[in-house]
Structures are given as C-alpha cells and as structure tokens.
Amino acid sequence: MYQQKTKETENSVIEFIENVDQPQKREDAYRLLDMFSETTGYPAKMWGSSIIGFGSYHYKYASGHEGDAPLVGFSPRKAKISLYFATGDEARDNLLEQLGKHTAGKGCVYINKLADINEDILIALINQSVQFLKETYPPAE
C-alpha cells in the first residue's frame with residue numbers, strides 16, 4: 001500500500017528558515033512566511049523536512065490514491081525558491097503569465113528571488129489556489 005512521504009510535522013518553521021544558508025533566500029523566506037500567513041489566515045506548518053505549508057486538504061483520485069497536502073506552500077531550496085499552488089485551474093495559468101521571472105513545473109513554480117516577481121500577483125495566486133482546492137476537495141462533513 002502507498003505511504004505518503006510528505007506529511008505535516010511538528011518541526012519548527014522558524015528553525016528551518018534560520019538554517020537557510022543564503023542570507024537573501026532567508027530574508028525572502030521570512031517575507032513569504034508573512035505573505036502566505038496573512039493571505040491564507042492559516043499558521044505555517046512544516047510538511048516533510050523542507051516544505052512550509054498553509055492549511056491542508058484531503059485528496060482522493062479515481063485510482064484510489066489519497067492523502068493530505070497543504071493548500072499552498074513554499075520551500076527556500078538551495079537553487080531556487082519553490083512555490084506550491086494547485087494545478088488544473090485556468091486562472092492559475094493566467095496569473096502565472098503576469099507573475100514575473102519564473103519557471104513552472106507540474107505543481108511547482110520556481111523563482112530565484114522575490115524581487116523578480118510581482119507580489120500582488122503572488123497574493124492572487126495564493127488566494128486562487130486556496131479557493132480552487134476548497135471547491136475541488138471540500139472538507140468532509
């Protein structure tokens with residue numbers, strides 16, 4: 001049976017950010033922490049060893065695969081900062097076109113630093129992702 005690797009932990013978000021080697025990335029991580037917290041209203045939680053997530057939802061695919069994931073999140077990785085947003089919504093693609101300098105994978109958006117992007121669009125992406133996931137995976141009653 002499949003075991004989900006990335007789970008919410010009790011590890012310290014602040015301790016994780018303090019251990020980011022690059023000063024600029026650490027500063028950006030604190031700014032992102034504030035932006036995600038204020039925008040979502042959820043407290044920051046560590047997911048696995050390196051993802052800072054906000055809120056959570058339970059997903060179940062047609063294949064039977066299911067698990068829990070943060071609604072949105074980020075990780076100040078060595079090479080780039082990873083931003084985690086929901087996929088599958090056209091609004092995400094439209095917002096990404098306005099974000100600024102980034103690359104995008106399936107579920108991740110990668111930036112070098114906050115100065116490269118439009119923070120208002122980032123806030124819109126956070127809101128769009130949270131709303132989309134809450135509509136797509138409503139909490140069980």
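Because only heavy atoms are used, hydrogens play no part in the values below, and waters and symmetry mates are left out as well, while side chains stay in.
With sequence neighbours excluded, the residues that form a side-chain contact (heavy atoms from CB on, under 4.5 Å) with A44 are V13, L33, I52, F54. With sequence neighbours excluded, the residues forming a salt bridge (charged side-chain N to carboxylate O under 4.0 Å, His left out) with K60 are E66, listed by chain and number. The side-chain contact (heavy atoms from CB on, under 4.5 Å) check on T9 picks up N11, M46, with sequence neighbours excluded. Partners of T87 by side-chain hydrogen bond (donor to acceptor under 3.5 Å, both in side chains), not counting sequence neighbours: none found. Applying the side-chain contact (heavy atoms from CB on, under 4.5 Å) test to S12 and every residue at least two apart in sequence or in another chain returns I14, E15. Residues passing the side-chain contact (heavy atoms from CB on, under 4.5 Å) test with K80 are Y110, N112, sequence neighbours excluded. Remark: D34 pairs with no residue by the salt bridge (charged side-chain N to carboxylate O under 4.0 Å, His left out) rule, at least two apart or across chains. Taking Q22 as the reference, K25 meet the side-chain hydrogen bond (donor to acceptor under 3.5 Å, both in side chains) condition, with sequence neighbours excluded.
Among residues at least two apart or in separate chains, there is no salt bridge (charged side-chain N to carboxylate O under 4.0 Å, His left out) pair with a member in residues 35-58. Counting only residues at least two apart or on different chains, the ring pair (Phe, Tyr, Trp, His ring centres under 6.0 Å) pairs with a member in residues 68-99 are F36-F74. The side chain to side chain donor-acceptor pair (under 3.5 Å) pairs that include a residue from residues 93-103 number zero, where partners must be two or more places apart or lie in different chains. Listed by first and then second residue, the side chain to side chain donor-acceptor pair (under 3.5 Å) pairs involving residues 119-138 are R31-E119, Y42-K134, D89-Q128, Q131-E135 (not counting sequence neighbours).
The two atoms that bring P76 and I81 nearest to each other are CA-CG1, 4.3 Å, heavy atoms only. Summarising the geometry of V72 relative to I126, their closest heavy-atom pair is CG1-O, 4.0 Å, with the distance given to 0.1 Å. Scanning all heavy atoms of the two residues, the minimum distance from D28 to L114 falls at OD2-N, 3.0 Å. The minimum heavy-atom distance linking L71 with S56 is given by the pair CG-N, 3.8 Å.
No continuous path of hydrophobic side-chain contacts links M35 to V20 [ILVMFWY only; heavy atoms under 4.5 Å]. Side-chain heavy atoms closer than 4.5 Å link hydrophobic residues (I, L, V, M, F, W, Y) into clusters, and following such links, possibly through other members, connects L95 to L32.
Taking CD1 of I111 as the reference point, atom CG of D116 lies at 7.0 Å (rounded to 0.5 Å). Between the CD1 atom in I123 and the OG1 atom in T39 there is a gap of 4.5 Å [rounded to 0.5 Å]. Once rounded to the nearest 0.5 Å, the distance linking CG of L122 with CG of L83 reads 6.0 Å.
Put simply, the side chain of N118 never gets that close to the backbone of G100: no donor and acceptor are under 3.5 Å apart. With hydrogens and angles disregarded, a donor-acceptor distance shorter than 3.5 Å links the side chain of R92 to the backbone of A86.
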(request) Mind running side chain to side chain contact (heavy atoms under 4.5 Å, CB included) on E8 and D68 for me, showing each step along the way? (result) CA-CA 9 Å; E8 186 177 317; D68 297 298; over 6 Å; no

